[in-house]
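Before any comments, here is the structure.
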Amino acid sequence: MSQPVPIDAHASIWRADALAQPAGTVLATGHAPLDAQLPGGGWPVGALVEILQAHSGQNEWRLLLPALARSGSGPVVLVGAPHMPFGPGLSAQGLAPERLLWVRASAPAARMWACEQALRCAPVEGVLAWLPQARADQLRRLQMAASEHGKLLFVMRPVGAQRESSPAVLRLLASLQPGGDGVQLEILKRKGPPCAQPLQLPARPARLAALLAQDGPRRLRLPGTAGSGLAGLPQGMPVPADAAVFMHKAGDALARVATAA
Amino acid sequence: MRWLALRPLHERPQPWLRQAPRGGAGKLGSGPALSCEPAALADDTPAGALPGGAGGDPAEPQVLADAAMALAWWALQFTPRVVLLGTVVLLEVSASERLFGGRRQLTLRVLAAERPVARVRITQAGSALLALARMQVAAAAGRDPDQLPLHTLADAVPHLATLERIGCQTWGDLRALPRGGVVRRFGAPLLDALDRAYGLRPEIYPWLVLPEVFDMPLELQAQVEAAPALLFAARRLLAQLKVWLQARQQGVLAFELGWRMDARHDTATEGAVQIRTATPTLDMVHLQRLLAENLARTILPAPVLYLRLRTLETVALSGATTSLLPDAQRRGDDLPQLLERLAARLGPEQVLRALPHADHRPECMQGWVPAAAGMPGAVASRSAMASAGGAGKQGRRAPGGGRGSAVGADKRGTPVKPTMVRDALYPTWLLATPLRLAVRKDRPLYQGPLTLLVGPQRLEAAWWDVVSHPAVADVSPHGAAAPDTGHVSAQPEPADVRIPDPLPASRLALRDYFLARSEQAGLLWIYRERLTTGRLEADKPAGHWYLHGVFG
């Protein structure tokens, strides 16, 4: 008598062969191929995202900067960053340097504590943490804090963490392509069917890539032979005005990029 | 006139020492450390009576006096007319009753709404002396003023023996005597006090005024040997500080918790920690966390006997603006609180924010300064950047500045994305100290040989440092000094007058920057020291390759 209710009528039921609809909001990653593979089409807000890579500091800005640049105006907390963030380079890609809050902590416990405190702070937009030694229970604690307060949380971990279980909603394995011209992204865990093919993302922002493409085929000579642009100037008295100058070859490439942009 | 009388009741042992910490940092608001005694809640309550509470408590007078003072401070939130007589706090509330919704509501509020600083007994009456007298007797005896025993009137106490012999036991008996005879026999003050007690004459008291500076000592009940354990005693002082701040409508910027230690140990006898906050605050939970972090790093050389809390800096605090909309209320801590908490545990130099500088040298383009020391809001830093950009446009730029950090500002004051093409060449990570690279066959190595992609980008900066430095400069000091602008100085200028560089930077930068690709490490930003004549920078090796940045 009663018709069987079609399964699709229940929005809360997730069929494992389709991408899930995330409960919270998402923030577009700025990389169209990646958005297509993520549930909801972007980074989940209020959830733990793990990025595994061989060398810390290699791919995270490339992956995260487009989203962070559009994530509002609150502070972005860096906990245990591998190097010093370079404000002019980040602002060139849209992230205002005054939004950065750089927390230098070396002890793993101190990093965890700082992460959790930052997640509980209302104005903070996102937390980027480098936690090579985090345990699953500690990550779960961070995941709870992120979901409770609705913050972006990205945790960078070494490739070896791939074998450990993780409470992360999304796990990505990022590696450089052999040529060094792209980022190869493998989605290890997502709410959806397993992602068979690794994604290829450009390794550089568009302006830099354009610059390299113009200049790439032509290898530059080494400066010992090429550095003749300023040869006419007296030695020992450095060039006073307009100190940073490009050599003419690079300058040509830059000019082309400038007109193209 | 309507008077409330409050009297603190002593508890033993001290509740703030007895109460165990709950869940790590104990909250100030939690726990039954201090409670009050709902003695009398009827509309015209004659006298609050406690079982066995009429006789007075065998407590240390100093402790009771402290509690009464704390109670009086706390009572200032109900009326400005508070007077402290002995250990009894009297409140004149006739003007406040309507504000708090009636007499009964006010009494309920005194008893229950906010936690007083001590257990209290409460009575009320039409005059202060009557309320005071009712405080001292049991309930039944105090219903009618005429029935009150004479010892409850302070001015009658010296004459109690005489009055008793002439048959005067109660206020009513004394009132029935002929006034002229009473004045001749006992003096005018007795009758005067009786009139005031019955409300026939006005009562004038010196109203309680809060001190300008909060400075409160506390004697510990037991010796405390570990610094973190001081926190539980300090909680009481913090609670009192909050009362003081609320009554004065101020927020604390800096305070000091000091202690005196046992002098029998051959060590220092005093110690203190200072706590500073970036924004004035009333939030004792936050202050308690900061105090806990500081105390956790403190080592006491001897047991502590006394505590003392005093404010160093307070400012007037305007109320917070709350929103009607539920969505506008963001959950979580404020940013200054986060910064202070991180700095308290990790150290101020570990929590940094970027400060842009106008310089060509990459290592000088930004300074990382402690964020907790005066974190400007997003708006403030934006306007600072906007003004910096504006200054560059007007030509008032620092030597060599402007171009490298060309951040303009549009009409709304928001930073415009830099349009310099060269900015695209900047890496996202910078090495704090450039890493010197090995060279094989004229090619720099970093995890394998590097392939140079773009370059060279020539950087010649900071020559002005060298020129104006008398030890290095070849030119005369007159030439290096600022040109004479007509400003007459009284003293001859010393030769080495120059603005000291605030940044720990290498002085002269003669570099060629390259973008290089590594098979393992991705895109790198490297530079090569240029060959110089060696006269200016004799100590700096030339021709070496350095890794300076990573494109992450």
Side-chain angles (χ1 to χ4, degrees), chain A residues 55 57-62 73 75 83-92 94 96-98 100-105 110 114 117-118 120-123 149 176 180 203-205 207-208 211-212 215-216 220 222-223 226-227 230 235-236 238-240 243-247 250 253-254 257-258, chain B residues 330-335 338 341-342 346 350-354 356 360 365-366 368 371 378 381 385 400 405 415 417-418 421 423-432 442 452-461 463 508 510 512 517-519 521-523 528 532-533 535-536 549-552:
Chain A
H55 302 284
Q58 210 165 52
N59 304 305
E60 44 269 60
W61 282 130
R62 187 70 215 108
S73 62
H83 305 293
M84 179 196 292
F86 191 48
L90 295 174
S91 73
E98 63 262 34
L100 291 180
L101 189 65
W102 181 21
V103 180
R104 296 194 296 185
Q117 298 297 321
R120 295 187 188 285
C121 178
H149 292 84
L176 279 181
R204 284 133 207 185
R207 291 163 69 200
L208 184 56
L211 177 63
L212 293 177
D215 219 43
L220 288 170
L222 284 177
L230 300 170
Q235 295 290 314
V239 187
V245 287
F246 280 98
M247 301 300 288
L254 288 169
V257 176
Chain B
R330 307 182 69 177
R331 292 174 304 152
D333 308 327
D334 290 338
L335 188 60
L338 169 75
R341 207 175 309 149
L342 291 176
L346 304 173
Q350 305 290 325
V351 186
L352 305 170
R353 65 185 169 87
H360 281 301
M365 282 179 184
Q366 55 177 0
W368 288 93
S381 62
M385 289 203 58
S405 60
K417 193 182 286 186
V421 177
D423 289 348
L425 285 177
Y426 285 144
T428 49
W429 298 114
L430 195 73
L431 269 65
D442 286 344
L452 301 183
L453 295 182
V454 172
Q457 177 191 7
R458 179 148 295 180
L459 175 73
E460 298 192 350
W463 54 269
L508 175 62
L510 297 175
D512 283 332
R517 190 173 67 195
S518 158
E519 291 296 326
L523 204 57
R528 185 182 199 198
T532 64
T533 59
R535 187 178 53 150
L536 295 179
V550 179
F551 290 80

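Below, read A as the first sequence line, B as the second, and so on, with proteins coming before strands; counting in each chain starts at 1.
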Quiz item: For the atom pair CZ (B:Phe551) and CG (A:Asn59), what is the distance rounded to the nearest 0.5 Å?
Solution: 14.0 Å
Quiz prompt | Which atom of A:Gly87 lies closest to which atom of B:Gln366, heavy atoms considered | solution = N-OE1, 2.9 Å
Quiz item: Going from NE2 on A:His83 to OG1 on B:Thr428, what distance comes out if it is rounded to the nearest 0.5 angstrom?
Solution: 9.0 Å
Quiz prompt | Minimum heavy-atom distance A:Pro97-B:Ala354, with the two atoms named | solution = O-CB, 3.9 Å
Exercise. Mind checking side chain to side chain contact (heavy atoms under 4.5 Å, CB included) for A:Arg104 and listing every partner two or more places apart, or none if nothing turns up?
Key: A:Trp102, B:Gln350, B:Leu352
Practice problem: Under the side chain to side chain contact (heavy atoms under 4.5 Å, CB included) rule, what do B:Val550 and A:Trp61 come out as? Steps first, then yes or no, please. | Solution: CA-CA 11 Å; B:Val550 179; A:Trp61 282 130; over 6 Å; no
Quiz prompt | Heavy-atom proximity to chain A below 4.5 Å, by part of B:Leu342 | solution = both
Quiz item: With only heavy atoms counted, which part of B:Val351 is less than 4.5 Å from chain A, the side chain, the backbone, both or neither?
Solution: both
Quiz item: Tell me, side chain or backbone of A:His149 under 4.5 Å from chain B's heavy atoms, or both, or neither?
Solution: both
Self-check item: Residue selection (most heavy-atom pairs with chain B, distance under 4.5 Å) from A:Glu60, A:His55, A:Gln58
Solution: A:Gln58
Quiz item: Where do B:Trp429 and A:Gly57 come nearest, in terms of heavy atoms and distance?
Solution: NE1-O, 2.8 Å
Quiz item: How long is the span from the CG atom in B:Leu346 to the CD atom in A:Gln117, to the nearest 0.5 Å?
Solution: 9.5 Å
Self-check item: Heavy-atom side-chain proximity of A:Ser91 to B:Tyr426 below 4.5 angstrom
Solution: no
Quiz item: Nearest heavy-atom pair of A:Pro88 and B:Met365: which atoms, and what distance?
Solution: CG-SD, 3.6 Å
Quiz item: What pair of heavy atoms forms the shortest contact from A:Leu176 to B:Ala521, and how long is it?
Solution: CD1-C, 3.9 Å
